[in-house]
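Reminder, nothing fancy here: chain letters follow the sequence lines and each chain counts from 1.
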Amino acid sequence: MRLYDTLTRTDRELRPLDGATFRFYCCGPTVYGPAHIGNFRTFVLQDVLRRVLETGGTRCLHVRNITDVDDKTIRDAQKAGQSLTGFTAGWTAKFHEDCEKLGLLEPHIEPGAVEHIPQQIAMIETLVAKGHAYSSDDGSVYFRISSFPDYGKLSHLDQRELELGKTQSARASADEYEKDSVSDFVLWKARRPEDGDNFWQSPWGEGRPGWHLECSAMIREYLGENFDLHSGGVDLVFPHHENEIAQSVCTCGGHFAAHWFHITHLLVDGGKMSKSLGNLYTLTDLEQRGFTPMELRYVLLGGHYRKPLNFTLDSLHAAREALAKIARGARALAEKTGGEVTLDAVGFGPFQAAWDSLNDDLNTPAALGGLFTGLRKAAGLSGKDAAAALAAMNRVLRALGIVLPDDANAGVKIPDDIHDLAETRWQARLAKNWVQSDQLREQLAAQGWQVKDGKDGYELTPAR
RNA sequence: GGCGGAGUAGCCAAGUGGUAAGGCAAUGGUUUGCAAAACCGUCAUUCGCGGGUUCGAUUCCCGCCUCCGCCUCCA
């Protein structure tokens, strides 16, 4: 497949460096609260990337970290009166729960930052020894940006802009650590009173690792100095990924990631999500509003990953209808197979366009369009042809990670009184007592249940 | 100020130098006791604005307007 690369700003073919396994790293969540739907746009797209590669026959090694030590985790753990480990374990569990609901494949390796502190310290020692890092009087260690000429290559910043950033950043002046240049970033943070019990021993005294270094150390541990692809949200391009490159290349040599995959942020109601605007949604928020995780996944796939995607609650409703339509199409196609089953589909038949879209810079919205078009094309097929088309469609769905909803009624529990009411109405209807029948139907509607009459019976569905 | 992205029907959203995928909503029909659901059909002479190149531009170039993101620990 072809995918846009942030570094070279071109579409490039993805092929494993070692010819066998495509090894990639995704910056995972900082576990200090529930992930929001914007976070999940990134994780869902990374999941689709892997699924498309695997569906296309490329084996993957997927590494995604858990950031379980930083300012926010420490601050909020203490606020909650919990140990850092206990606090982050809770939010990590919540994250995994959400991931499973959204149909995300588990990464093959999911390292945590805290358990890799020795590796981080080792990297800092190397960087200091090579002259790329220096310690300050308070026991912090900084990376010297001026020692790495390629700094800024990924985000296309030149030195002038880095200097400019110095005067424009309020945070730079507010920094309480001592560094040679404002652009230098911290590798090791000296212990501070507000850190509480959360500090580790190092050659520079007590303290804790800097955020950027975590990823570099874990990548070095599991993927080495050269690997296929690195991914995250666009906001990580600078400074996080830029800093990772600097640390890793200066420590290990090598070229670090061969390809950079960045996902654009999700907008909500046309703007940035924020708590103050009341438009920051978590998966749980949406579930409480009656929407399913799969509906969210569908919405997130509805826009190209390099373009802003505008999320609205109404889009979830559209997703529900669309998923139901696909499910009906799949059922209709299944009925036409006449019992024929295709185990190993060759090619994608009517769904070739959908598959091609996925392989063309992960164009998920076009692929979704191709699903509907394919379904229409497949409508006239039967027997073996229908079976092949169905198998092809399922491959595309699997690549997208979409699990179709079952019958609307599956799993819905109908209360006894509602059931009785519906029975009474059905009898009235059979007796052609339209007045009573209609009245009971309204009564059911008032209690949130919709009746759909069929020839031999009726169907009850909860009104959404 | 710098870097990057976007403006396509009521909404969401693909796409292309050759005359606009798809979904939702809306709407007509079939069906239904009436509905709902389902099924079939309709739904942008037009792609932010103004120029230019071209036989032809929404797609390329120039200018402008508007919106959004990032600019040192935010996916």
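Comparing B:C24, B:A13, B:A14 against the side chain of A:Lys307 picks out B:A14 as the nearest. In the set B:A25, B:C3, B:G33, B:G33 carries the atom at the smallest distance from any side-chain atom of A:Ser437. Here B:G5 is the nucleotide among B:G5, B:A13, B:G23 with the atom lying nearest to any side-chain atom of A:Pro308. Closest approach to the A:Glu321 side chain among B:A75, B:A25, B:A21 is made by B:A25 (side chain taken as heavy atoms from C-beta onward). If you check B:C24, B:G7, B:G69 against the side chain of A:His265, the one that comes closest is B:G69. With B:G69, B:U72, B:G33 as the candidates, the nucleotide lying closest to the side chain of A:Phe238 is B:U72. Among the nucleotides B:A25, B:G22, B:C3, the one closest to any side-chain atom of A:Arg9 is B:C3.
Counting non-hydrogen atoms under 4.0 angstrom, A:Gly210 reaches nothing in the nucleic acid. Using a 4.0 Å heavy-atom criterion, one finds that A:Gly303 contacts the sugar-phosphate atoms exclusively. Counting non-hydrogen atoms under 4.0 angstrom, A:Ala322 reaches the backbone sugars and phosphates but no base.
By the 6.0 Å and 45° rule, A:Arg425 does not stack over the aromatic ring of A:Tyr458.
Each of A:Thr264 and A:Arg425 was assigned the nucleotide of RNA chain B with the nearest heavy atom; the assignment lying further toward the 5' end belongs to A:Arg425. Between A:Gly233 and A:Pro239, it is A:Pro239 whose nearest contact on RNA chain B lies nearer the 5' terminus.
The distance between atom CG of A:Leu280 and atom C1' of B:A75, rounded to the nearest whole Å, is 12 Å. Atom CG of A:Leu371 and atom C1' of B:A13 are 15 Å apart (whole Å). Between the NZ atom of A:Lys272 and the C1' atom of B:A75 there is a distance of 11 Å, given to the nearest Å.
The phosphate of B:G15 (OP1 or OP2) has a side-chain N or O of A:Asn363 nearer than 4.0 angstrom. Here A:Lys325 reaches the OP1 or OP2 of B:C24: one of its side-chain N or O atoms lies under 4.0 Å away. Remark: A:Arg328 is not in phosphate contact with B:A37, judged by side-chain N or O atoms under 4.0 Å from OP1 or OP2. The shortest distance between the side-chain N/O atoms of A:Arg306 and the OP1/OP2 oxygens of B:A6 is not below 4.0 Å. At B:A35, none of the side-chain N or O atoms of A:Arg429 fall inside 4.0 Å of OP1 or OP2 (strictly under the cut-off). Checking the phosphate oxygens (OP1, OP2) of B:U32, no side-chain nitrogen or oxygen of A:Lys452 falls inside 4.0 Å.
The pair A:Asp71-A:Arg208 meets the salt-bridge criterion, with a side-chain N (NZ, NE, NH1 or NH2) lying under 4.0 Å from an Asp/Glu carboxylate O. A salt bridge does not link A:Asp138 to A:Arg192: none of the charged nitrogens lies less than 4.0 Å from a carboxylate oxygen. Of the charged side-chain nitrogens involved, at least one lies within less than 4.0 Å of a carboxylate oxygen, so that A:Lys79 and A:Asp76 count as a salt-bridged pair. Salt-bridge check for A:Asp47 with A:Arg51: passed, with a basic side-chain N closer than 4.0 Å to an acidic carboxylate O.
Put simply, the side chain of A:Ser202 reaches to within 4.5 Å of the side chain of A:Trp188, judged on heavy atoms. Considering only heavy atoms from C-beta on, A:Leu267 stays 4.5 Å or farther from A:Leu309 through its side chain.
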Nucleotide N/O to protein N/O under 3.5 Å, stretch nucleotides 27-31 of chain B:
none

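Screening residues 240-250 of chain A for salt bridge (charged side-chain N to carboxylate O under 4.0 Å, His left out) gives no qualifying pairs among residues at least two apart or on separate chains.
Base pairing of B:G69 is made with B:C3, judged by Watson-Crick or G-U wobble geometry with both donor-acceptor distances under 3.5 Å.
Few gaps surround CZ on A:Arg2; more than 12 heavy atoms of other groups in view lie less than 6.0 Å from it.
Residue A:Arg441 places a side-chain atom within donor-acceptor reach of the base of B:A35, judged by atom type and a 3.5 Å distance cut-off alone. Looking at A:Asp235, its side chain has no donor and acceptor atom pair within 3.5 Å of the base of B:G69.
Residue ring and nucleobase are not stacked for A:Phe372 and B:G23 under a centre distance beneath 5.5 angstrom and an angle between planes beneath 30°.
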